[in-house]
Amino acid sequence: MAPANIEQLRSRFRGEIIQPGDAAYDSARKVYNGMIDKRPAVIAQCVDVADVMAAVDYGRENQMLTAIRGGGHNGGGLGVCDDGLVIDLSKMKGVRVDPVAKTIHVGAGCVWGDVDHAAHAFGMATPSGFISTTGVAGLTLGGGIGHLTRGCGLTIDNLLSADVVLADGSFVTASEKENADLFWALRGGGGNFGVVTSFTFRLHPVKMVYAGPTFWDLKDTEQVMKAYRDFILKAPENINGFFAFLTIPPAPMFPAELHLKKVCGIMWCCTGPADAAEKATKPMRSVGTPILDAVGEVPFPVVQSLFDALYPSGLQWYWRADFVNELSDKAIALHAEHGAALPTMHSTMHLYPIDGQAHRVGKGDTAFSYRDANWAEVIVGVDPDPANNDKITQWCKDYFDALHPHSAGGAYVNFMMEEGQERVQASFRDNYARLATVKKKYDPSNFFRVNQNIRPA
Ligand SMILES: Cc1cc2nc3c(=O)[nH]c(=O)nc-3n(C[C@H](O)[C@H](O)[C@H](O)COP(=O)(O)OP(=O)(O)OC[C@H]3O[C@@H](n4cnc5c(N)ncnc54)[C@H](O)[C@@H]3O)c2cc1C
């Protein structure tokens, strides 16, 4: 589709407007997942809220399919679309820490590394994910599961307010006090309700953490997973550790004899005094015979960026996910079977604990419904070479199909690809009807529909 009335947008816009044929087009349309290859008609790289308002008006008045791009990390490529308009926020950086109020104000184009860097200088952090290159916006709006979940809650549990441009081009602030229905929906409901232009989060005193991996040989998987299941849900909330199947990368930080070995392991990130964390994790780190136990005190931003080099932008990614209440012996046996079959070095399965502080919030208190689930499971087939796409996809689907009957039913929306309405509804569960009502109020024409879509009631 040829972009309509583009001058209408240019006359109100300060950032760059990029179209097919422009030198910047191919790099501007690229997202993190190399499997996604979409060709928008217009990419509006906003530099301020006024630009976002102009872009929303332009998209609406010209009836364009409109995607919102934060960090561009979405597995299904929901930050970009074919033929339509991309409202690209990646230039809207800017972070301000208020050390007295212990809050941080973050532009919607920031990635988590920007936030970690700024907050760390003040000895603080806010809960995010497990990698520093993910967008603040998309991760937050889906919920936000990360290293600090057990101790500090989901990212949305620390969101104090958000500035939003609505589908009609108007600007509002959403918080517990203002537009509380919108604020409820933004906390887990994804990019359905408007373009968030900035976020304010609560900060926690987190500077150094006791972190790193413990790895075991795959022959010990069932023993380790059973011990982990019993250990982590009873561990103090400052103890965070997710279970993983992975291939040890050939990086100098790992002993050469372990390079490219498939293992199971726990990636720790514990807050509080290091000696107490060392003691609290010892029983789990002493199960069987770990082949590597490299846990120690490190600055929090170091842990957050440990995976950055391993997972640069542009790899091929295929995602499947579920929430999990219980890890039965049968499910563990299936994990052992499929985990041992990791198809490529980058492919992995992670089980993130989402109990502790995340369970203190009721399932109707925010849009994120699975407050009773104990883990978020994500299976990702990943490889640099598109020739391996069938292999990574098939492994991922087979693993998911085997474990899905043992899951809680729905999945964390940020770990899903485009999987259909039934799956979206299963993931919002009882909150779906209320979300649809809020959607009707703020976006009755479903203008924002390039997302895990909630249809207006
Ligand atoms: C390598 C990797 C690691 C990850 N690790 C974690 C993790 O540890 N924890 C976790 O919770 N998730 C994690 N995720 C998933 C991540 O949360 C989602 O991919 C999320 O969608 C990324 O947000 P983004 O802003 O980068 O994405 P984008 O692709 O830019 O956007 C994704 C979605 O968010 C919406 N959106 C983006 N910005 C805005 C905005 N300003 N206003 C309204 N809607 C907006 C878009 O409509 C789109 O639907 C990871 C993803 C990757 C690829």
Side-chain angles (χ1 to χ4, degrees), residues 30-36 38 46 49 52 55-56 66-81 86-90 92 106-112 127-149 154-156 162-167 174 185-186 188-199 240 242 267 269 303-308 310-319 321 346 348 350 352 354 358 368 376 378 380 382 411-418 424 442-443 447-454:
K30 261 194 202 126
V31 288
Y32 181 83
N33 185 353
M35 251 191 219
I36 309 292
K38 295 192 182 165
C46 304
V49 174
V52 177
V56 167
T66 298
I68 312 166
R69 181 195 172 116
H73 257 229
N74 189 266
L78 294 172
V80 63
C81 62
V86 174
I87 300 182
D88 179 350
L89 304 166
S90 59
M92 289 178 60
V106 182
C110 289
V111 298
W112 282 106
S128 53
F130 300 92
I131 192 159
S132 81
T133 56
T134 312
V136 169
L139 181 140
T140 300
L141 296 170
I145 294 170
H147 282 304
L148 302 179
T149 300
L154 301 175
T155 305
I156 49 171
D163 286 345
V164 190
V165 174
L166 300 175
L186 288 177
N192 271 283
F193 305 95
V195 185
V196 177
T197 55
S198 63
F199 300 84
N240 212 317
F242 70 83
M267 179 67 204
C269 179
V303 186
Q304 284 285 92
S305 46
L306 271 186
F307 296 106
D308 292 2
L310 181 62
Y311 291 110
S313 183
L315 303 181
Q316 312 287 307
W317 287 72
Y318 192 84
W319 294 69
H346 292 86
T348 188
H350 292 174
Y352 301 122
I354 50 169
F368 188 100
V378 63
V380 282
V382 190
Y412 174 40
V413 286
N414 273 348
F415 291 159
M416 282 163 48
M417 297 190 69
E418 289 185 270
V424 174
Y442 290 97
D443 182 17
F447 174 63
F448 298 114
R449 59 184 179 280
V450 185
N451 44 40
Q452 302 296 348
N453 195 231
I454 293 156

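In this text the structure is predicted, and so the values were computed from the model without any measurement. Atoms within each ligand, like the ligands themselves, are counted from 1 in listed order.
- Looking at T197 against ligand 1, nothing comes within 4.0 Å, counting heavy atoms.
- Among protein heavy atoms, atom 31 (O) of ligand 1 sits closest to I68 O, 4.0 Å.
- Note on ring orientation: taking the six-membered ring where Trp is involved, the planes of F415 and W319 are parallel (angle under 30°, cut-offs 30° and 60°).
- Closest to atom 3 (C) of ligand 1, if we only count protein heavy atoms, is I131 CG2, 3.3 Å.
- When all heavy atoms of T140 and V136 are compared, the pair lying nearest together is OG1-O, 2.6 Å.
- Residues S132 and D308 have side chains that bring a donor and an acceptor to within less than 3.5 angstrom of each other.
- Of the N and O atoms on the side chains of T149 and H147, not one donor lies less than 3.5 Å from an acceptor on the other residue.
- Qualifying salt bridge (charged side-chain N to carboxylate O under 4.0 Å, His left out) partners for D443, counting only residues two or more places apart in sequence or in other chains: K439.
- Between G138 and ligand 1, at least one pair of N/O atoms sits closer than 3.5 Å.
- Those atoms of ligand 1 that come under 4.0 Å of a heavy atom in R69, given as number and element, are 30 (O).
- Using a 4.0 Å cut-off between heavy atoms, W317 contacts ligand 1 through its side chain alone, with no backbone atom that close.
- The N/O atoms of H73, backbone and side chain alike, include one that comes under 3.5 Å of an N/O atom in ligand 1.
- Looking at S198, G129, A137 and measuring to atom 38 (N) of ligand 1, the nearest heavy atom belongs to A137.
- Using a 4.0 Å cutoff on heavy atoms, G144 counts as a contact of ligand 1.
- The shortest N or O to N or O distance between G135 and ligand 1 is under 3.5 Å.
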Take T348 and H350 through the test side-chain hydrogen bond (donor to acceptor under 3.5 Å, both in side chains) and record every step on the way to the result.
CA-CA 7 Å; T348 188; H350 292 174; 3.2 Å; yes
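- Ion pair E418/R449 not flagged as a salt bridge, since none of the NZ, NE, NH1 or NH2 atoms sits closer than 4.0 Å to an Asp/Glu carboxylate oxygen.
- Between A108 and ligand 1, no pair of N/O atoms sits closer than 3.5 Å.
- Nearest protein neighbour of atom 32 (C) of ligand 1, counting heavy atoms only, is N74 CB, 3.5 Å.
- Nearest heavy atom pair, residue K38 against residue G77, reads NZ-O, 3.8 Å.
- When each of V165, V195, I87 is checked for a side chain to side chain contact (heavy atoms under 4.5 Å, CB included) with C46, only I87 meets the rule.
- By the criterion of a heavy-atom distance under 4.0 Å, both the backbone and the side chain of N414 are placed next to ligand 1.
- Applying the 4.0 Å criterion to heavy atoms of L89 picks out, from ligand 1, the atoms 40 (C), 41 (N).
- Distance from atom 51 (C) of ligand 1 to its nearest protein heavy atom, with residue and atom name: W319 CH2, 3.5 Å.
- Counting protein heavy atoms only, atom 7 (C) of ligand 1 is closest to I145 O, 3.4 Å.
- The aromatic rings of F242 and F130 lie perpendicular to each other, with more than 60° between the two planes, well past the 30° mark.
- Those atoms of ligand 1 that come under 4.0 Å of a heavy atom in G191, given as number and element, are 43 (C), 44 (N).
- Of all non-hydrogen atoms in W317 and M35, the two that sit nearest each other are O-SD, 3.5 Å.
- Those atoms of ligand 1 that come under 4.0 Å of a heavy atom in N451, given as number and element, are 49 (O).
- Remark: minimum distance from atom 28 (P) of ligand 1 to any protein heavy atom is reached at G72 N, 3.4 Å.
- In this structure, N33 contributes its side chain and G75 its backbone to a donor-acceptor pair below 3.5 Å.
- Taking a cut-off of under 4.0 Å to the non-hydrogen atoms of T134, the atoms of ligand 1 that pass are 3 (C), 4 (C), 16 (C), 22 (C).
- Residue contact check: G79 has heavy atoms under 4.0 Å from atoms 29 (O) of ligand 1.
- With a 4.0 Å cut-off on non-hydrogen atoms, Y32 touches ligand 1 through its side chain and not its backbone.
- Below 3.5 Å of separation, one finds an N or O of G70 facing an N or O of ligand 1.
- Proximity of F415 to ligand 1, defined as any heavy-atom pair under 4.0 Å, is confined to the side chain (atoms from C-beta onward).
- In this structure, Q452 contributes its side chain and G142 its backbone to no donor-acceptor pair below 3.5 Å.
- The nearest heavy-atom contact from the protein to atom 42 (N) of ligand 1 is V196 N, 2.9 Å.
- Atom numbering of ligand 1 starts at 1 in the shown order; those under 4.0 Å from a heavy atom of G194 are 42 (N), 43 (C).
- Between Y442 and A167 the shortest heavy-atom distance is O-CB, 4.0 Å.
- For ligand 1, the atoms lying closer than 4.0 Å to a non-hydrogen atom of F130 are 7 (C), 8 (O).
- Scanning the protein for heavy atoms near atom 10 (C) of ligand 1, the closest one is L139 CD1, 3.3 Å.
- At a heavy-atom distance under 4.0 Å, only side-chain atoms of Y412, from C-beta outward, approach ligand 1.
- Neither the backbone nor the side chain of V31 has a heavy atom within less than 4.0 Å of ligand 1.
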